[in-house]
Every structure is written in structure tokens, then in C-alpha cells.
K.L.:
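Just passing along the structure, written as C-alpha cells.
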Amino acid sequence: MIKTGLSENFRIWYNVYRRIRFFKKMYPLSTIAKDMFLFPIDYAYEHRSINNVRNVTIAITHKCNIRCAMCYFHDELKNTYELPVDLYKRTIDTVKSSNPCIILSGGEPFTHPNLLEMVIYAKNMHLPVQIFTNGTMVQPAIADSLVEHGLDYIDFTLLGNEKSHSLVARSPKAYQRFIENLEYYASHRGNTKIILNFTVTPENIKDINHSIELVKLYKLDGLRIQHYNFLLPEEFKAQECVMSELFGTESSTHEIESMEDVSGITGQLVDFQDRLNKEFHDVPVQWAPTLTASEMEDWYSIRSFRTRRKCFYPWRGLLVDANGKIYPCSKIYLELGDMGGQDIFEAWNSQTMKKFRSQLKKGLFPACSRCCKL
């Protein structure tokens with residue numbers, strides 16, 4: 001385990017604060033102030049049951065209309081699961097007392113026929129709601145309805161420029177549909193905040209400046225840079241061994257496997273970061289995660305990413321999948337329970353989850369390497 005000093009711990013917590021305050025409507029200061037007292041207690045006492053969930057990610061569908069080159073979800077898309085509305089509502093009813101933010105993901109959320117109903121249900125409970133989308137299916141009618149019912153955030157995922165976006169998306173008209181829908185939503189956004197989410201890949205890194213062009217052109221509310229996520233073959237194997245040893249079960253790891261030389265990405269990202277600081281300091285930017293230059297160099301290498309960072313997500317966040325299963329996070333699919341017949345907090349405070357948290361405090365799992373939540 002790599003030990004951390006006082007200055008390093010301060011930097012870790014400062015980056016956590018900056019990350020959550022980027023989405024101010026999702027994480028108000030009142031919530032942060034409350035967790036300044038509650039979180040240290042929940043983190044310190046390993047056998048304590050936790051009843052304050054802040055981030056509920058619901059993968060409402062495994063369906064998607066495109067097949068992005070960097071997407072780890074390809075194998076899951078053949079399952080075509082869609083979360084039933086009754087299980088979704090049961091999830092919201094159970095967690096609403098914590099006033100968490102609700103993040104709707106997929107697959108592609110806009111393939112779900114009940115997406116609008118789901119947003120309305122959560123908003124009627126006065127919960128902040130965010131949607132991550134590839135942007136190709138956000139038609140004007142649904143956009144207007146989402147704005148009318150108070151959707152808080154919508155994140156449009158950009159994969160390059162006019163040429164590379166569609167190539168990475170593996171869909172010839174993906175950019176055209178994306179830009180048409182983004183333009184419409186930007187001009188009819190109401191109180192919805194629009195975030196442009198640029199997902200870094202080896203194929204599109206040369207076109208990252210296009211993200212700034214779109215943010216400025218459509219006066220978007222922020223830019224989120226998602227680092228390229230991948231695991232090495234040996235990290236997959238190590239994760240399998242750890243899960244088998246600790247929990248006596250198989251646990252799938254949702255990430256792409258790569259041995260590609262991506263070292264050239266570091267210099268281009270550092271240059272882009274410098275340009276942001278010098279020329280576009282008025283644009284709110286979130287890096288997922290925020291990395292120093294040396295960390296970035298380590299991230300974009302073919303060696304395991306070693307870091308002093310800790311993951312706090314399992315103490316405040318959880319994932320409900322489209323099949324109704326409950327997991328610790330979107331990367332490690334260790335089954336905790338099933339919304340079809342189990343209370344979500346019962347699963348979240350199960351012995352399996354408590355053991356998962358306890359082990360995570362000792363050090364990151366192999367599958368935690370290059371995770372955006374670090």
C-alpha cells in the first residue's frame with residue numbers, strides 16, 4: 001500500500017471537492033456540510049450500516065443505437081435488458097429520504113421507452129437528475145419535455161470532430177445527429193445545465209480542441225474531460241484472483257482491455273490543459289479524474305497505474321443495473337442484491353459490501369486502475 005502524507009491527503013480531498021462542486025445542483029453545499037461530519041464516521045467504522053447515499057447511478061437499459069470503439073459495454077449490449085418502471089420507482093422510493101442525485105445511464109438512456117416518466121418521477125420527489133447520453137436520440141419533443149419537467153443536467157458525449165466523432169462512434173451519421181440535437185437543446189435549455197463530455201481515445205485526441213469550439217459556440221455550461229479508461233490483461237487476471245479469494249465468487253469487470261501504446265496522449269493533453277488555463281479560464285472544466293502531469297504520464301502507459309489516491313464512492317454511491325442487480329460501482333460487478341426482491345439498503349449494507357469497503361480502505365483493487373472516480 002502506498003502511504004499518503006498530509007499534503008497529499010489535502011490534495012486528494014480538494015480534488016474530490018472540486019469534482020462534486022462542478023455539478024452544484026447535484027451536490028449542494030448543505031449536503032457537503034452534512035457529510036463533513038457524517039462521512040468520517042461512516043468511513044472509520046467498518047461495521048456501521050450506512051443510510052446516507054448521495055449518488056445513485058441507474059443503468060436503465062443495456063440497449064444502445066451505436067457501438068463506440070472505446071466502450072467496455074459491447075458484450076452487455078447483446079443482453080438488451082431494460083429496467084422495469086416498477087423497479088425504478090421502488091429504487092427512488094427507497095433512497096429519496098437521503099436526497100441523493102439520480103444519474104441515468106445505460107447503454108443509451110434515450111432508448112428506454114419510459115425515460116421521461118422516470119425523470120418526472122424522480123423530480124416529483126424533488127431529487128436532482130442527470131442524464132448521460134451519446135446525443136443522437138435527443139429529439140426536440142423529448143428535449144422540450146425534459147426541460148419542462150426540470151431535468152437538472154444533461155451530458156452530451158463528444159467523441160471527436162466532424163470526422164473522427166462518427167468514426168469512433170462507428171455510426172456514419174452520429175456527429176450530424178449529435179450536433180443537431182445539441183444545438184436544439186442549447187437554444188431551448190430552460191434551467192437544464194448542458195455539459196459537454198469529451199471522452200478521450202487514441203483515435204480522437206488530436207481533435208480535442210473541437211470540444212472548446214462547441215462549448216463556446218453553444219454557450220454550454222461546462223466541459224468534462226473523461227480520460228481514456230482501460231485495463232491491462234494482467235489487471236483483469238489479478239482482479240479475478242482477488243474477487244475469488246475474498247468473496248469466493250466470480251465478478252465481472254467492466255472495462256476495455258488494451259495493450260496499445262497510448263503514451264503520446266499525455267503530451268497532447270498537457271498542451272490542451274495549458275491552453276484551457278491560458279485562453280479559456282472562463283470555461284468551467286472538470287477532469288475525470290484530475291491528474292498531475294506525472295500521473296497522466298503513468299496513466300497513459302502500458303504499466304499498472306500506481307496512485308496514492310483512494311476511492312470513496314462505495315461509501316456514498318451505488319449502482320442499480322438494468323437487470324435489477326445492485327453493484328458497488330459501474331466497474332466492479334460484484335452482486336450485492338436484486339431490486340426484484342430486496343431492499344436496496346439491505347444490499348448496500350450487506351456483509352459482502354462491508355467487506356468490499358474494508359478491503360478498499362487497505363488499497364485499491366486491480367480493476368480500480370484508471371478509474372474516473374479516483
Side-chain angles (χ1 to χ4, degrees), residues 1-2 59 62 64 66-79 105-107 157 159-160 164 167-170 199-206 225-269 287-289 291-311 313-314 319 321 323 325 327-335 352 355-356 359-360 362-374:
M1 179 179 178
I2 303 175
H62 283 190
C64 190
I66 59 178
R67 293 292 184 272
C68 299
M70 77 297 172
C71 181
Y72 63 79
F73 219 62
H74 287 170
D75 290 341
E76 295 295 330
L77 293 175
K78 64 179 180 291
N79 295 326
S105 65
T157 297
L159 301 172
S164 56
L167 292 175
V168 175
R170 296 178 178 173
T199 301
V200 174
T201 75
E203 293 80 14
N204 69 15
I205 181 60
K206 65 183 184 302
I225 307 297
Q226 169 73 61
H227 283 289
Y228 184 48
N229 294 154
F230 65 95
L231 291 174
L232 304 174
E234 56 266 30
E235 290 171 332
F236 276 99
K237 292 178 182 178
Q239 181 67 18
E240 291 176 6
C241 291
V242 168
M243 290 295 105
S244 177
E245 180 180 339
L246 290 176
F247 303 104
T249 182
E250 292 185 1
S251 171
S252 60
T253 301
H254 282 195
E255 193 55 88
I256 60 173
E257 182 177 315
S258 178
M259 281 292 292
E260 182 180 4
D261 182 7
V262 292
S263 58
I265 290 179
T266 301
Q268 296 176 79
L269 282 177
W287 292 77
L291 301 174
T292 64
S294 60
E295 285 178 320
M296 209 177 296
E297 183 177 354
D298 195 29
W299 184 287
Y300 292 98
S301 68
I302 54 173
R303 59 180 181 268
S304 295
F305 177 66
R306 290 181 57 80
T307 179
R308 294 181 174 89
R309 296 165 185 257
K310 296 180 181 293
C311 177
Y313 181 84
L319 169 69
D321 198 29
N323 59 10
K325 305 292 185 182
Y327 301 112
C329 66
S330 59
K331 204 165 188 179
I332 302 176
Y333 272 40
L334 176 66
E335 187 175 332
T352 298
K355 188 173 183 179
F356 184 90
Q359 291 297 320
L360 194 58
K362 298 175 183 178
L364 298 176
F365 292 108
C368 298
S369 180
R370 303 180 189 85
C371 179
C372 63
K373 294 179 175 64
L374 293 178

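All figures in this text were calculated on a predicted structure; none of them were measured in a lab.
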K.L.:
Taking it one step at a time, do Ile332 and Met243 satisfy side chain to side chain contact (heavy atoms under 4.5 Å, CB included)?
P.N.:
CA-CA 10 Å; Ile332 302 176; Met243 290 295 105; 4.2 Å; yes

K.L.:
Would Glu235 and Ser369 count as having a side-chain donor-acceptor pair, cut-off 3.5 Å?
P.N.:
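Looking only at side-chain atoms, Ser369 and Glu235 do form a donor-acceptor pair, the distance falling under 3.5 Å.
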
K.L.:
Check for me whether Lys355 meets the cation-pi criterion with Phe247, that is, NZ or CZ under 6.0 Å from the six-membered ring centre and within 45 degrees of the ring axis.
P.N.:
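Yes, Lys355 sits over the ring of Phe247.
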
K.L.:
Quick one: do Val200 and Tyr300 satisfy side chain to side chain contact (heavy atoms under 4.5 Å, CB included)? Show the steps, please.
P.N.:
CA-CA 11 Å; Val200 174; Tyr300 292 98; 3.8 Å; yes

K.L.:
Is Gln268 reaching over with its side chain to a backbone N or O of Gly264, donor-acceptor style, under 3.5 angstrom?
P.N.:
yes

K.L.:
Measure from the side-chain N and O atoms of Asn204 to the backbone N and O of Thr199, and report whether any donor-acceptor pair falls under 3.5 Å.
P.N.:
yes

K.L.:
Which atoms form the tightest heavy-atom contact between Cys372 and Ala288, and what is the distance?
P.N.:
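Reported closest heavy-atom pair: CB-O, 3.8 Å.
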
K.L.:
Please report the interatomic distance CG(Leu269) to CD1(Ile225), rounded to the nearest 0.5 Å.
P.N.:
8.0 Å

K.L.:
Taking all heavy atoms of Cys368 and all of Leu360, pick out the closest pair and write down the distance.
P.N.:
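For Cys368 versus Leu360, the nearest heavy atoms are SG-CD1, 4.1 Å.
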
K.L.:
Tell me whether Arg370 forms a cation-pi arrangement with Phe230, defined as NZ or CZ under 6.0 Å from the six-membered ring centre and within 45 degrees of its axis.
P.N.:
yes

K.L.:
Does some side-chain heavy atom of Cys68 sit less than 4.5 Å from a side-chain heavy atom of Leu159?
P.N.:
yes

K.L.:
Hey, what do you get for SG (Cys371) to CZ (Phe365), rounding to the nearest 0.5 Å?
P.N.:
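Taking SG in Cys371 and CZ in Phe365, the distance rounds to 12.5 Å.
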
K.L.:
Calculate, to the nearest 0.5 Å, the distance between atoms CG and NZ belonging to Leu334 and Lys325 respectively.
P.N.:
12.5 Å

K.L.:
Any luck finding a side-chain donor-acceptor pair between His62 and Asp321 under 3.5 Å?
P.N.:
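Asp321 and His62 do have a side-chain donor-acceptor pair below 3.5 Å.
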
K.L.:
When you look at Glu295 and Thr307, which way does the side chain to side chain contact (heavy atoms under 4.5 Å, CB included) test go after all the steps?
P.N.:
CA-CA 8 Å; Glu295 285 178 320; Thr307 179; 4.0 Å; yes

K.L.:
With side chain to side chain contact (heavy atoms under 4.5 Å, CB included) as the criterion, how do Ser244 and Thr249 come out once you've worked through the C-alpha distance, each side chain's angles and the decisive distance to 0.1 Å?
P.N.:
CA-CA 5 Å; Ser244 177; Thr249 182; over 6 Å; no

K.L.:
What distance separates Leu291 CG from Asp298 CG, expressed to the nearest 0.5 Å?
P.N.:
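Spacing of CG (Leu291) from CG (Asp298) equals 9.5 Å.
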
K.L.:
Count the heavy atoms of every other residue, nucleotide or ligand shown that sit under 6.0 Å from CD of Glu245, and state whether that count exceeds 12.
P.N.:
no

K.L.:
Output the distance between atom CE (Met70) and atom CD (Gln226), rounded to the nearest 0.5 Å.
P.N.:
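Atom-to-atom, Met70:CE and Gln226:CD are 8.5 Å apart.
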
K.L.:
Might you point out which heavy atoms bring Ala59 and Leu319 nearest each other, and give the distance in Å?
P.N.:
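Closest heavy-atom pair between Ala59 and Leu319: N-CD1, 4.2 Å.
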
K.L.:
Are any side-chain N or O atoms of Gln239 and backbone N or O atoms of Ala367, one a donor and one an acceptor, separated by less than 3.5 Å?
P.N.:
yes

K.L.:
Please find the pair of heavy atoms, one from Ile302 and one from Glu260, that lie closest to each other, and give the distance.
P.N.:
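Answer, listing the atom of Ile302 first, then Glu260: CG2-O, 3.6 Å.
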
K.L.:
Okay, side chain of Arg67, backbone of Cys64: is any donor-acceptor separation there less than 3.5 Å?
P.N.:
yes

K.L.:
Considering all heavy atoms of both residues, which atom of Pro328 and which atom of Tyr313 are nearest to each other, and what is their separation?
P.N.:
O-CE2, 3.3 Å

K.L.:
Just how far is it from atom NZ of Lys331 to atom OG of Ser252, taken to the nearest 0.5 Å?
P.N.:
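So the gap between those two atoms works out to 13.0 Å.
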
K.L.:
Looking at Gln359, I'd like to know if its CD atom is crowded, meaning that more than 12 non-hydrogen atoms belonging to other residues, nucleotides or ligands lie closer than 6.0 Å.
P.N.:
yes

K.L.:
On the 0 to 90° scale, with breaks at 30° and 60°, tag the Trp299-His227 ring pair as parallel, tilted or perpendicular.
P.N.:
tilted

K.L.:
In terms of side-chain heavy atoms, does Thr201 have a donor or acceptor partner in Glu203 at a distance below 3.5 Å?
P.N.:
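There is such a pair between these side chains.
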
K.L.:
Tell me, please, which residues at least two apart from Lys373 pass salt bridge (Lys or Arg N to Asp or Glu O under 4.0 Å).
P.N.:
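Testing Lys373 for salt bridge (Lys or Arg N to Asp or Glu O under 4.0 Å), a comparison that skips the adjacent residues, returns none.
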
K.L.:
Look at atom NZ of Lys237 and say whether more than 12 heavy atoms of other residues, nucleotides or ligands are closer to it than 6.0 Å.
P.N.:
no

K.L.:
Can you name the nearest heavy-atom pair linking Val262 to Pro202, along with the distance?
P.N.:
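Result for this residue pair: CG1-CG, 3.7 Å.
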
K.L.:
Is there a side-chain contact between Thr253 and Leu231, using heavy atoms and a 4.5 Å cut-off?
P.N.:
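A side-chain contact under 4.5 Å exists here.
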
